[in-house]
Amino acid sequence: MEKSNDSNTPFDLVLVGHFAFDTIVLQNPYSKSQSLGGGVTYGSLAARFYQSDALIGIISKIKANESLNCLKPISKNKINIDGVRHEGSSNTEYLLKYHDRGRDLQLISKANEIDIHDFPPSYFNTRAIHLTPIADEFTPEFLNDLSKHQEIQDAIIGVDVQGFIRGFDECGNIIIKNGTADHQQIFDMLRKFGPRMFFKASDLEAQGVTHEKDLKKATESLGLTGAYILTTLGDKGLYFKAPNHPLIHINAYRPTQCVDETGAGDCFMAVLLLQIGQIAPNERSFENIVEAIQIASSASSFLIEKKGPNGFQTRWKILSRIKAENEILFKEDNLKS
């Protein structure tokens, strides 16, 4: 039964970030298509499939004259879009060109920035918030305001660092922010939220932010902030550093095939936050957080089996893969290959 959406019922998950209005160009054979993407799309749909009665909301911006029909993949799955504002003259649009070597990603236009005033009052009553920027869309004051907001002091906050280190040149091509000030802002964010924050970074992202070649040391360095740190290695699993606990490695789960990795990180984070948010703060333990990470890893292993946002699975299906025989065994020397 779906939860009531009134002011007294807490959201299970609120996702914050721009929608990506993608133009996808494929070669051999040539094709061109439109798709709705971004972390708020993949994360909200992953959460809906995992927990059918979850109350899920999105905070985003679309251009002033955009029809809400463009968000049908979201609204038809009973995801609350009261936090989507019509504002400005542009959506966040990307051009994705796929080729034999991978893909090229170019920002064509960007919607207006998001700040704390874009939260509908009811959205502050939430168990978890996933910050998933895709185009540097958070104002400098936003994270500071969010960290201090009294109504969300009990909420857990998820962050994928990708959107925070992504910049753009004058042509819209992606560049990585390598400045000391940019990296210091990430450490400042982690310290402000402390143990309320679950921070995910790829191996290269974590190494870049910390200027540390050894991934274990990079993970430990990020963990000194008091936040929960997850540094991912694709099919080699991830490292996890929790406050007051030693660094551990957690294996990934084997998909039947790997077709498309788009959105896997957002699927992972959404399911992780949804699962942990169901546990009362005074009952959260290292063990049940590790269990939540395993569930999230299994969820993302299903997503990559199909093209686009079509591989999401139910809680029962996700839990059925969490078996030792389905783990991809990890060896330290695999990192050298």
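Just so it is clear, the model here is predicted, and its values are computed rather than measured.
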Gap between atom CG of Leu26 and atom OH of Tyr30 - 0.5 Å precision: 9.5 Å

Exam field: side chain Asp160 to backbone Gln162, donor-acceptor pair closer than 3.5 Å: yes

Using the six-membered ring of Tyr98, assess whether NZ or CZ of Lys307 lies under 6.0 Å from its centre and within 45 degrees of the ring axis. yes

Please, which pairs that meet ring-ring contact (aromatic ring centres under 6.0 Å, His included) have at least one residue in residues 246-300, sequence neighbours excluded? Tyr239-His249, Phe240-Phe286, His245-Phe286, His249-Phe330

Is the closest side-chain heavy-atom distance between Gln257 and Lys306 below 4.5 Å? no

Answer yes or no: is there a side-chain heavy-atom contact under 4.5 Å between Leu131 and Leu143? yes

Chi angles and distances behind the side-chain contact (heavy atoms from CB on, under 4.5 Å) call for Lys177, Asp136: CA-CA 11 Å; Lys177 298 179 181 179; Asp136 199 21; 3.2 Å; yes

Testing the 3.5 Å rule here: is there a donor-acceptor pair between the side chains of Tyr123 and Asn80? yes

Do you reckon Ile56 sits in the same ILVMFWY cluster as Leu36, going by side-chain contacts under 4.5 Å, direct or chained? yes

Tell me the closest heavy-atom pair linking Asp12 and Asp53, and the distance in Å. OD2-O, 4.4 Å

Minimum heavy-atom distance between Val40 and Val16, given as atom pair plus value: CG1-C, 3.9 Å

Give the intermediate values and the outcome of side-chain contact (heavy atoms from CB on, under 4.5 Å) for residues Val14 and Ile59. CA-CA 7 Å; Val14 169; Ile59 294 170; 3.9 Å; yes

Report yes or no: does Arg48 contribute a side-chain atom to a donor-acceptor pair with the main-chain N or O of Asn77 at less than 3.5 Å? yes

At their closest point, which heavy atom of Gly57 faces which heavy atom of Phe11, and how far apart are they? N-CD2, 3.6 Å

Value for OG (Ser320) from CD (Gln313), rounded to nearest 0.5 Å, stands at 8.5 Å

So, the side chain of Ser60 versus the backbone of Gly17: is there a donor-acceptor pair under 3.5 Å, distance only? yes

Could you tell me which non-hydrogen atom of Leu274 sits nearest to which non-hydrogen atom of Ala54, and how far apart they are? CD1-CB, 4.2 Å

Over all atoms of both residues, closest heavy-atom pair of Ser298 and Ile318: OG-O, 2.7 Å

Kindly state each residue pair satisfying salt bridge (charged side-chain N to carboxylate O under 4.0 Å, His left out) with at least one member in residues 185-195, sequence neighbours excluded. Asp188-Arg191

Whether Glu327 side chain and Lys323 backbone form a donor-acceptor pair below 3.5 Å: no

From Leu146 CG over to Arg196 CZ, what is the distance, rounded to the nearest 0.5 angstrom? 7.5 Å

Intermediate values then yes/no, side-chain hydrogen bond (donor to acceptor under 3.5 Å, both in side chains), Thr231 and Asp203: CA-CA 6 Å; Thr231 53; Asp203 50 352; over 6 Å; no

Decide whether Ile62 and Ile74 are clustered together by the hydrophobic rule: side chain heavy atoms of Ile, Leu, Val, Met, Phe, Trp, Tyr closer than 4.5 Å, transitively. yes

Is any side-chain heavy atom of Leu222 closer than 4.5 Å to a side-chain heavy atom of Lys241? no

By ring-ring contact (aromatic ring centres under 6.0 Å, His included), which residues pair with Phe21, not counting sequence neighbours? none

Just verifying a value: how many Å separate Ser221 OG and Leu190 CG, rounded to the nearest 0.5 Å? 10.0 Å

How would you list all residue pairs meeting side-chain hydrogen bond (donor to acceptor under 3.5 Å, both in side chains) that involve residues 31-46, not counting sequence neighbours? Thr23-Gln34

Quick one: do Arg254 and Asp235 make a salt bridge, cutoff under 4.0 Å? no

When you measure from the side chain of Glu137 to the backbone N and O of Ala135, does any donor-acceptor pair fall under 3.5 Å? yes

Do Asn288 and Ser285 have a side chain donor and acceptor closer than 3.5 Å? yes

Mind checking ring-ring contact (aromatic ring centres under 6.0 Å, His included) for Phe187 and listing every partner two or more places apart, or none if nothing turns up? none

Charged N to carboxylate O under 4.0 angstrom, Lys97 versus Asp104? no

Tell me, do Met197 and Val159 make a side-chain contact under 4.5 Å, heavy atoms counted? yes

Test item: Ser109 side-chain N/O and Asn91 main-chain N/O as donor-acceptor pair under 3.5 Å: yes

Report the C-alpha separation of Tyr94 and Ile108 in whole Å, then their side-chain angles, then the decisive distance to 0.1 Å, and conclude whether the side-chain contact (heavy atoms from CB on, under 4.5 Å) test is met. CA-CA 5 Å; Tyr94 277 99; Ile108 304 302; 5.9 Å; no

Under a 3.5 Å distance rule, please check whether Glu205 uses its side chain to pair with a backbone N or O of Ser202 as donor and acceptor. yes

Applying the 4.5 Å side-chain criterion to the ILVMFWY set and letting contacts propagate, would Leu55 and Leu273 be lumped into a single cluster? no

Would you say Ile295 and Ile248 are hydrophobically clustered, going by side-chain heavy atoms of ILVMFWY under 4.5 Å? yes

In this structure, are over 12 heavy atoms from other groups packed under 6.0 Å from Gln184 atom CD? yes

Between Lys317 and Thr314, does a side-chain contact (heavy atoms from CB on, under 4.5 Å) hold up when you go through it step by step? CA-CA 5 Å; Lys317 188 79 170 179; Thr314 63; 3.6 Å; yes

Among side-chain atoms of Gln294 and Ser297, is any donor-acceptor pair under 3.5 angstrom? no

NZ or CZ of Arg321 within 45° of Phe302 ring axis and under 6.0 Å: yes

Could you tell me whether Asp118 and Lys61 make a salt bridge, using a distance below 4.0 angstrom between a side-chain N and a carboxylate O? yes

Once rounded to the nearest 0.5 Å, what's the spacing between atom CD1 of Ile304 and atom CG of Asp260? 9.0 Å

Check Leu215 against Ala206 and note the closest heavy-atom contact, atom names and distance. CD1-CB, 4.1 Å

Any chance you could measure Thr139, atom OG1, to Asp145, atom CG, to the nearest 0.5 Å? 7.0 Å

Indicate whether any N or O donor in one side chain lies under 3.5 Å from an N or O acceptor in the other, for Gln106 and Asn173. no

Whether Gln153 side chain and Ser147 backbone form a donor-acceptor pair below 3.5 Å: yes

Look at the side chain of Glu212 and the backbone N and O of Asp214, then say whether any donor-acceptor pair between them is shorter than 3.5 Å. yes

Should Val209 and Ile165 count as side-chain neighbours, where that means a heavy-atom distance under 4.5 Å? yes

Counting only heavy atoms not in Asp169, do more than 12 sit closer than 6.0 Å to its CG atom? yes

Is the closest side-chain donor-acceptor distance between Thr256 and Glu305 under 3.5 Å? yes

Has Thr92 got a side-chain atom pairing as donor or acceptor with Ala111's backbone, closer than 3.5 angstrom? yes

Examine Phe164 and Ile229 and state if one hydrophobic cluster contains both, with Ile, Leu, Val, Met, Phe, Trp and Tyr joined whenever side-chain heavy atoms are less than 4.5 Å apart. yes

Sequence neighbours excluded, which residues qualify as ring-ring contact (aromatic ring centres under 6.0 Å, His included) partners of Phe119? Phe124

